[in-house]
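Here is the naming used below: chain letters follow the sequence lines, and residue numbers restart at 1 for every chain.
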Amino acid sequence: MASTRREWAEDDEFDDPNSLPQNEIINNPDGTKTTITYRLLENGKKIKTTRKIKISIIKERVNPRVAERREWAKFGKEKGHGPGPDLTTTTIGENIIFKPSPQWKAVEKEEESTGSLKTQLKDKKVSCRICQGDHFTARCPFKDTLAPVGEAPPDESRPDSPDPTVGVGGAYVPPHQRNKGKDAGPGSSFNSGRERDDLATLRVTNLSEFAEENDLRDMFDRFGRVTRVFLAKDRETGRAKGFAFVSYQDRMDAQRACEKMDGFGYGHLILKVEFAKRSQ
DNA sequence: AATGAGCGC
């Protein structure tokens with residue numbers, strides 16, 4: 001009797017009015033865990049909390065210095081507890097690997113150029129032999145203007161000023177559509193007054209904010225001499241606003257570029273290309 | 001959805 005009483009009295013929970021039962025972690029058969037925690041409120045009341053939790057094991061390669069820190073003795077309220085997070089008090093979040101690098105853009109490009117072939121083979125993606133876009137070579141908008149990469153573009157040997165009366169495909173170019181002179185284009189003497197020449201200017205819309213003037217030039221260059229590329233950008237943020245203007249020396253080239261490039265995929269978007277109208 | 005900058009002699 002006395003011994004029973006003694007055992008009963010030994011139980012901390014009843015000995016000390018401020019003591020709490022041991023926290024418990026129960027492994028459930030379905031892989032979840034149930035945690036039971038106890039805490040004491042200021043007014044002396046005891047709170048028992050039961051939580052059912054799911055723990056996903058994060059497989060990771062831990063930085064040795066991080067691993068070392070994990071073994072450090074705990075302090076404060078966790079003093080004396082074992083290593084690792086106490087799952088009754090700590091929630092383990094998603095393990096996000098963040099690799100800050102000032103050259104992220106270059107690195108991304110690098111990865112694109114070195115890894116894309118493998119990636120594309122692995123994912124059975126399509127790579128155009130002409131412009132390396134993600135369409136079949138036969139569907140390339142440049143297929144009759146450009147040779148596949150590595151071969152000389154057929155137009156490269158073309159003189160800067162061919163017979164101005166002869167357009168692409170030998171078609172006659174009427175005088176009002178001729179645009180001779182090496183620096184003809186916006187602001188040239190062929191313009192009426194100081195008006196901007198938009199006769200051979202295309203408006204390109206549905207561009208991504210990551211579009212770049214040079215990319216546009218490279219894409220539109222292939223149809224003829226591009227005299228100007230203007231990519232509208234936000235003056236504050238510098239980000240592309242989603243539209244651009246591409247001017248050609250020759251309206252015929254603009255015409256072909258318009259036909260070929262309207263609907264072309266660039267940076268996950270489908271471009272819309274049409275002849276520009278004068279502003280306002 | 002959207003039709004362009006900034007120079008100032």
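- In this entry the distance linking CZ of A:R203 with P of B:dG4 reads 10 Å, nearest Å.
- For the atom pair A:L202 CG and A:L271 CG, the distance stands at 11.5 Å (nearest 0.5 Å).
- Taking atom CG of A:L216 as the reference point, atom P of B:dG4 lies 17 Å away to the nearest angstrom.
- At whole-Å resolution of the value, CG in A:L207 and P in B:dT3 are 14 Å apart.
- With rounding to whole Å, A:K241 atom NZ is found 9 Å from B:dT3 atom P.
- Whole-Å rounding puts the A:E274 CD to B:dA1 P distance at 13 Å.
- One distance of note links CG of A:D215 with CZ of A:R217; it measures 12.0 Å at 0.5 Å rounding.
- Side-chain N/O atoms of A:R235 include one lying less than 4.0 angstrom from OP1 or OP2 on B:dG6.
- If you measure from atom CZ of A:F245 to atom C1' of B:dG4, you get 5 Å, rounded to the nearest angstrom.
- Contact detail for A:K48 and A:I36: the closest heavy-atom pair is CE-CG2, 3.5 Å.
- One atom, CZ of A:R239, and another, C1' of B:dA2, lie 16 Å apart when rounded to the nearest Å.
- Rounded to a whole Å, the CG atom of A:L231 is 15 Å from the P atom of B:dT3.
- A:A232 comes within 4.0 angstrom of nothing in the nucleic acid, heavy atoms only.
- Between the side chain of A:T227 and the main chain of A:S247, a donor-acceptor pair closer than 3.5 Å is present.
- Each of A:K233 and A:N206 lies near DNA chain B, and the nucleotide nearest A:N206 is the one positioned closer to the 5' end.
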